[in-house]
Every structure is written in C-alpha cells, then in structure tokens.
There are 4 protein chains.
Amino acid sequence: MLLTLAFESETPLYQQIKNQIITGIAQGKLQPGEALPSVRQLAADIGINFHTVNKVYQQLKQENWVVIHRRSGVIINPELNLKADEVYRESLTSTLEVLFAEAHLRGITLEESHHLIKTIYQSYVQEVSK
Amino acid sequence: MLLTLAFESETPLYQQIKNQIITGIAQGKLQPGEALPSVRQLAADIGINFHTVNKVYQQLKQENWVVIHRRSGVIINPELNLKADEVYRESLTSTLEVLFAEAHLRGITLEESHHLIKTIYQSYVQEVSK
Amino acid sequence: MLLTLAFESETPLYQQIKNQIITGIAQGKLQPGEALPSVRQLAADIGINFHTVNKVYQQLKQENWVVIHRRSGVIINPELNLKADEVYRESLTSTLEVLFAEAHLRGITLEESHHLIKTIYQSYVQEVSK
Amino acid sequence: MLLTLAFESETPLYQQIKNQIITGIAQGKLQPGEALPSVRQLAADIGINFHTVNKVYQQLKQENWVVIHRRSGVIINPELNLKADEVYRESLTSTLEVLFAEAHLRGITLEESHHLIKTIYQSYVQEVSK
DNA sequence: GTGGTCTAGACCACT
DNA sequence: GTGGTCTAGACCACG
C-alpha cells in the first residue's frame with residue numbers, strides 16, 4: 001500500500017498514517033493477517049522520524065487494529081473483530097453532527113449526503129474478516 | 001444558547017466553542033442577525049480567558065459565519081450565504097472516508113449510517129436564511 | 001451628498017465619513033465654499049453618535065479641508081490649496097507599494113493598473129477651485 | 001530580508017510585518033518555497049513578542065501566502081497562485097479612489113500617478129512562481 | 001462598554 | 001526546537 005503524506009496539513013503525520021492504514025483495511029488494500037513494514041522501514045520509505053511511525057503502531061495496537069509479534073513484526077489483527085460500543089457511537093454521532101451542520105449550512109442536502117456516503121461505502125470490502 | 005465545554009478533552013476549547021456555535025446556527029438556536037455575547041461576557045460566563053473567545057470570533061469572522069460590528073459587537077451573519085466549493089467538498093469527502101472506514105469495520109452498515117445522518121439532518125432547521 | 005456607511009467594516013466610521021467627504025470634493029459633489037451639515041444634523045441623519053462626526057470635522061479642519069466659522073458652521077475650504085509635500089509623497093508611495101505588491105501578485109498587470117487609475121481620475125473634476 | 005518597524009506608527013506592528021513580507025515576495029526578496037524565520041526567532045530578532053509574529057503568520061497562512069509545516073516551520077507558499085477575484089478588485093478600486101482623490105486635490109496629475117506606479121511595478125519581479 | 005493590539009509566560013503536541 | 005493553546009493583564013481606539 002502506498003502512503004501519501006501532506007506535510008503542510010494541520011493533521012499530524014502520525015494521524016495521517018493511522019487514517020490511511022485504517023482506511024486501507026476497510027478498502028481491502030490491507031488484509032487481516034498481512035504484515036506491515038517495520039517501524040524503521042516505513043519511516044525510511046516515507047522519510048520521517050521513526051518515532052512517529054512507532055507512535056502509530058503503538059496506537060493501532062492499543063486499539064486492536066494490529067498485533068505486534070516479537071518475531072514477525074506488526075501484522076493486521078487476523079481476528080479483527082471490533083465492535084461499535086456506546087462510547088464509539090456517541091463520539092461518531094457528535095462528530096457527524098458538527099460535520100454536517102456546516103455541510104447543511106453550505107447547501108449540501110440530505111440526499112447528497114446519502115449519495116456521498118453510499119459512494120464511500122462502495123469503496124469498502126463487504127466482508128472484512130472471518 | 002448554552003455552551004458546554006469539556007476542559008479535559010483533546011479538542012481545544014476554542015474549537016469546541018466554534019463547533020457549538022456552528023451547530024447552533026444549523027439547528028436554529030442561533031438565528032442569522034442574532035447577537036452573540038461580547039468576548040469578555042462569554043469568557044466570563046464559561047469561565048475562560050477572553051482571548052480564547054476572541055480567537056473563536058476572529059475565525060468565525062474570517063469564515064463569514066459572523067460579522068463584527070464596532071458598536072454592537074458580534075452578530076451571526078444576516079446574509080449567511082456560504083457555498084460548498086470544490087475544496088470544501090473534497091475535504092468533507094476525505095474526512096468522511098476516514099470516519100466511515102472505521103465505522104464500517106466496527107460493523108456499522110450503510111443503512112445505519114443513512115439513518116444516523118437522516119436523524120441528524122432532522123435536527124437542523126430547513127431554511128437558514130433567505 | 002449622500003453618505004453611506006458600512007457599520008460592519010473594519011474601517012472606523014469616522015474614517016469612512018472623512019474618505020467620502022474628500023472623495024466628494026474631488027468628484028465635485030462638494031464645492032469649495034459649500035456648507036456641510038452641522039455636527040448634530042449629520043449625526044442624526046446617518047444615525048451615529050455626534051462625537052464621531054465631530055471627530056471628522058476636527059480632523060478635516062486640522063488638515064485644511066474645511067474651515068469652521070462660528071456663525072456659518074462648517075464649509076469646504078474656499079481657498080482649497082493643498083500641496084503634495086515630500087512627506088505626503090513618501091507616504092503615498094509607500095502605501096501604493098504595499099497595495100500594488102499584492103495586486104501584482106494577484107495577477108493585476110501594470111496596464112490594468114494604469115487603466116484603473118485613469119478611470120478613477122476621470123471621475124474627478126478638472127479644476128477644483130480658484 | 002530585513003524588517004524595519006516603526007514602533008510609534010499608528011499601523012499595528014503585525015500589519016507592518018505582514019506588509020513587508022508581502023512586498024518582499026513581490027520584489028523577489030522572498031522566493032516561493034523559501035523559509036521564514038520561526039515565530040520565536042523573528043520575534044527575538046526584531047524585539048517583539050512572539051505572539052505578534054504568530055498572528056502575522058496565521059493571517060498569511062489564512063490568505064494562502066505561506067504554508068506552515070509542522071516540521072520545517074513557515075515557508076512562502078511554493079504554489080503561490082492567488083487570483084484577483086471580484087471582491088478583491090472592488091476593494092482595491094475603492095481604496096484607490098480614496099487615495100487618489102486626495103492625491104488629485106493635492107495636485108498630483110494622472111501622468112505623475114502613472115509614472116509613480118510604473119516605477120513601483122519595476123521594483124517587482126516579473127515571474128513570481130511556476 | 002466594545003473589540004484590537006501587544007506583552008509575558010506557561011504547558012503541550014509533534015517531529 | 002517547532003508551532004499550538006491558554007491564561008493574564010495592560011493600554012488604546014471607537015462610538
């Protein structure tokens with residue numbers, strides 16, 4: 001998978017990487033069980049400090065997106081089985097509330113929003129794992 | 001309108017305030033032409049420094065959400081007429097891509113997403129301004 | 001002459017009024033010797049504090065645009081005979097330098113600028129006084 | 001590039017700095033892609049508070065003059081590509097109207113104005129970027 | 001009383 | 001070491 005970074009973005013680099021990995025999983029570009037490059041490898045590839053990559057991997061591990069094996073390195077969690085608990089749903093809802101408040105005021109209708117999200121969902125794979 | 005701040009949140013205070021004001025406009029709690037409290041007043045009300053409030057107002061002014069009168073203070077832009085240009089649409093799309101990638105992987109279906117967004121839109125007023 | 005104020009502008013009200021009076025003289029809408037409304041009259045007409053109007057008149061007097069007679073009120077200086085001294089030329093030059101630096105970077109050519117200024121000059125009367 | 005501040009001027013310090021940076025770009029003293037000093041560095045150099053410099057940089061960023069990298073600090077936007085939209089042209093025109101009204105009344109002719117502006121344009125670089 | 005400007009200093013996130 | 005956030009307090013311009 002190819003990572004593209006926007007160094008001038010407000011979004012921290014580690015966040016950009018994390019986002020792209022999670023999106024990559026959703027889109028099937030990264031399969032559960034698949035290995036990710038080593039911290040130093042990835043850092044060298046995209047030309048950033050390896051601490052930054054390390055931070056990403058640690059957070060991904062924390063949130064169960066990946067597992068870190070001592071020998072085989074970092075792999076996408078083969079048992080990927082995250083659930084949307086109440087806390088997650090609430091945070092998602094409030095994020096969307098803010099996001100679509102502005103979208104609505106800028107003239108984006110419910111229909112457009114539905115269509116947009118439908119298109120996005122079509123880029124995701126149906127069955128993620130097991 | 002009542003503002004509630006999460007002081008322990010990672011989201012900067014000024015961002016929280018800004019979000020709530022924009023959401024407030026979308027939900028009709030704040031009407032175009034309506035006055036906002038003065039920087040010092042609002043700061044005192046919610047117990048923060050007036051510079052933080054000032055930062056919010058300055059950004060809202062920059063983005064045309066409000067108009068700052070030298071005499072009467074800050075009011076919601078009565079000619080609120082923002083448009084969704086290409087830049088905005090792209091940033092919205094990529095934000096949603098990331099957001100729903102995780103949602104999808106957590107088992108939230110397209111139907112659920114549609115329903116969620118429909119509910120959110122129902123909280124917004126139909127006609128914002130002319 | 002009709003004054004139009006932009007209350008939401010960054011430009012102070014007193015400055016807007018002053019600008020319009022000077023522009024009015026240049027365009028012949030206000031003739032040397034012509035009387036201006038009284039401070040209270042003008043303030044009432046445009047709905048602002050009379051201190052603001054007073055400030056304008058005092059500055060105009062200071063800069064010799066008007067003379068204030070005890071009985072006949074404020075009139076445009078009939079002997080209007082301002083000269084562009086070195087100080088004035090320097091300040092004009094440096095103002096224009098900044099202004100056209102941005103214009104240039106936004107793609108406005110020298111020819112366009114010439115044309116623009118020519119048009120503006122055409123709105124002025126040829127002979128101002130005596 | 002050397003910045004010179006007039007502390008006793010009515011023009012706010014941050015505005016003076018901003019003006020000089022934009023003029024510097026137009027005159028080629030600052031090249032697109034070139035780095036500006038860090039907020040604290042510049043502040044120390046010219047003996048002012050770093051918040052004041054920060055304000056300048058934030059505004060320049062908002063108006064797309066510069067790009068702020070999280071790593072390498074602030075650089076002149078390498079893709080400097082500002083356009084003169086209708087709003088800008090109108091504000092420029094009305095500024096010039098006021099400016100030249102006084103100039104005209106002080107005896108500065110159209111020819112002199114043309115010459116002045118031509119000289120100013122000659123201090124700018126021809127091709128700004130790409 | 002309103003916002004605008006400037007200073008000063010602290011703490012934090014990111015790289 | 002870089003910018004980002006927040007607090008605090010002072011003085012000024014405007015109306």
Side-chain angles (χ1 to χ4, degrees), chain A residues 5 7-17 43 46-56, chain B residues 5 7 9-17 35-44 46-59 61 66-75, chain C residues 5 7-17 43 46-56, chain D residues 5 7 9-17 35-44 46-59 61 66-75:
Chain A
L5 294 185
F7 288 97
E8 78 289 354
S9 163
E10 310 237 297
T11 312
L13 294 182
Y14 85 91
Q15 187 67 59
Q16 294 182 40
I17 300 172
I46 54 187
I48 62 173
N49 194 297
F50 80 92
H51 287 117
T52 307
V53 178
N54 197 43
K55 182 169 184 173
V56 176
Chain B
L5 294 184
F7 287 95
S9 163
E10 301 217 311
T11 311
L13 295 180
Y14 85 91
Q15 187 65 59
Q16 294 182 39
I17 300 172
L36 292 175
S38 77
V39 277
R40 285 171 170 84
Q41 184 62 53
L42 181 51
I46 55 186
I48 61 172
N49 191 281
F50 85 90
H51 285 117
T52 306
V53 177
N54 194 42
K55 183 170 185 173
V56 176
Y57 283 3
Q58 287 302 322
Q59 290 197 5
K61 170 189 161 196
V66 304
V67 149
I68 300 185
H69 276 219
R70 216 171 271 275
R71 35 165 50 177
S72 41
V74 180
I75 63 173
Chain C
L5 294 184
F7 289 97
E8 77 290 354
S9 163
E10 309 236 299
T11 312
L13 294 182
Y14 86 91
Q15 187 67 61
Q16 294 183 41
I17 299 172
I46 53 186
I48 62 174
N49 194 298
F50 81 91
H51 287 117
T52 307
V53 177
N54 196 43
K55 182 168 184 174
V56 176
Chain D
L5 294 185
F7 286 96
S9 163
E10 300 218 310
T11 311
L13 296 180
Y14 84 91
Q15 187 65 59
Q16 294 182 39
I17 300 172
L36 292 174
S38 76
V39 278
R40 284 170 172 85
Q41 184 63 53
L42 181 52
I46 55 187
I48 61 173
N49 191 280
F50 84 90
H51 285 117
T52 305
V53 177
N54 194 42
K55 183 171 185 172
V56 176
Y57 283 3
Q58 287 303 321
Q59 291 196 5
K61 170 189 162 196
V66 304
V67 150
I68 302 184
H69 277 219
R70 214 171 273 277
R71 35 166 52 179
S72 40
V74 180
I75 63 172

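To find a chain, count down the sequence lines: A is the first, B the second, and so on, and within it residues start at 1. Hydrogens, waters and symmetry mates play no part in the numbers below; they use all other heavy atoms, side chains included.
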Engineer: Could you state the atom-to-atom distance from CG of L42(D) to P of dG3(F) in whole Å?
Structural biologist: 10 Å
Engineer: Mind checking if Y57(B) touches a base, just sugar-phosphate, or nothing, with heavy atoms under 4.0 Å?
Structural biologist: nothing
Engineer: Once you round to the nearest 0.5 Å, how far does CD of Q16(B) lie from CD of E10(B)?
Structural biologist: 11.0 Å
Engineer: Less than 4.0 angstrom between a side-chain N/O of Q58(D) and OP1 or OP2 of dG4(F), yes or no?
Structural biologist: yes
Engineer: With a 4.0 Å cutoff (strictly under), does any side-chain N or O of S38(D) reach OP1 or OP2 of dG3(F)?
Structural biologist: yes
Engineer: Is any side-chain N or O of Y14(A) closer than 4.0 Å to OP1 or OP2 of dT15(E)?
Structural biologist: no
Engineer: Starting from P on dT5(F), measure out to CZ on F50(D) and report it in whole angstrom.
Structural biologist: 12 Å
Engineer: According to a strict under-4.0 Å criterion, is T52(D) in side-chain N/O contact with OP1 or OP2 of dT7(E)?
Structural biologist: yes
Engineer: Can you say whether a donor on the side chain of H51(B) sits under 3.5 Å from an acceptor on the base of dC6(E), or the other way round?
Structural biologist: yes
Engineer: In whole angstroms, how far is the C1' atom of dG1(F) from the CD1 atom of I68(D)?
Structural biologist: 16 Å
Engineer: Between N54(B) and dG4(E), is there a contact of a side-chain N or O with OP1 or OP2 at under 4.0 Å?
Structural biologist: yes
Engineer: Looking at every strand, decide which applies to I48(A) at a 4.0 Å heavy-atom threshold: base, sugar-phosphate, or nothing.
Structural biologist: nothing
Engineer: Relative to the 5' end of DNA chain F, which residue comes earlier, F7(B) or V74(D), by the nucleotide with the nearest heavy atom?
Structural biologist: V74(D)
Engineer: Can you tell me how far P of dT2(F) sits from CD of E10(A), to the nearest Å?
Structural biologist: 19 Å
Engineer: Is there a side-chain contact (heavy atoms from CB on, under 4.5 Å) between L13(D) and I46(D)? Walk through the geometry before answering.
Structural biologist: CA-CA 11 Å; L13(D) 296 180; I46(D) 55 187; over 6 Å; no
Engineer: Would you say a side-chain N or O of K55(C) is under 4.0 Å from OP1 or OP2 of dG15(F)?
Structural biologist: no
Engineer: Could you walk me through whether F7(C) and I48(C) pass side-chain contact (heavy atoms from CB on, under 4.5 Å), step by step?
Structural biologist: CA-CA 10 Å; F7(C) 289 97; I48(C) 62 174; 3.8 Å; yes
Engineer: Look at the side chain of R40(D) and the base of dG3(F), then say whether one donor and one acceptor between them are separated by less than 3.5 Å.
Structural biologist: yes
Engineer: The side chain of L13(B) is closest to which nucleotide in this list: dG15(F), dT7(F), dG3(E)?
Structural biologist: dT7(F)
Engineer: Please determine, for the side chain of N49(B), which listed nucleotide (dT15(E), dG3(E), dT7(F)) has the closest atom?
Structural biologist: dT7(F)
Engineer: Any side-chain heavy atom of H51(B) within less than 4.5 Å of one from H51(D)?
Structural biologist: no
Engineer: Mapping Q15(A) and P37(B) to their closest nucleotides on DNA chain E, which lands nearer the 5' end?
Structural biologist: P37(B)
Engineer: Any strand counts, and the cut-off is 3.5 Å on both contacts for Watson-Crick or G-U wobble. Which nucleotide pairs with dC12(E)?
Structural biologist: dG3(F)
Engineer: Grab the NZ-P distance between K61(B) and dT2(E) for me, whole Å please.
Structural biologist: 18 Å
Engineer: Please lay out, stage by stage, how I68(D) and Q58(D) fare under the test side-chain contact (heavy atoms from CB on, under 4.5 Å).
Structural biologist: CA-CA 9 Å; I68(D) 302 184; Q58(D) 287 303 321; 4.1 Å; yes
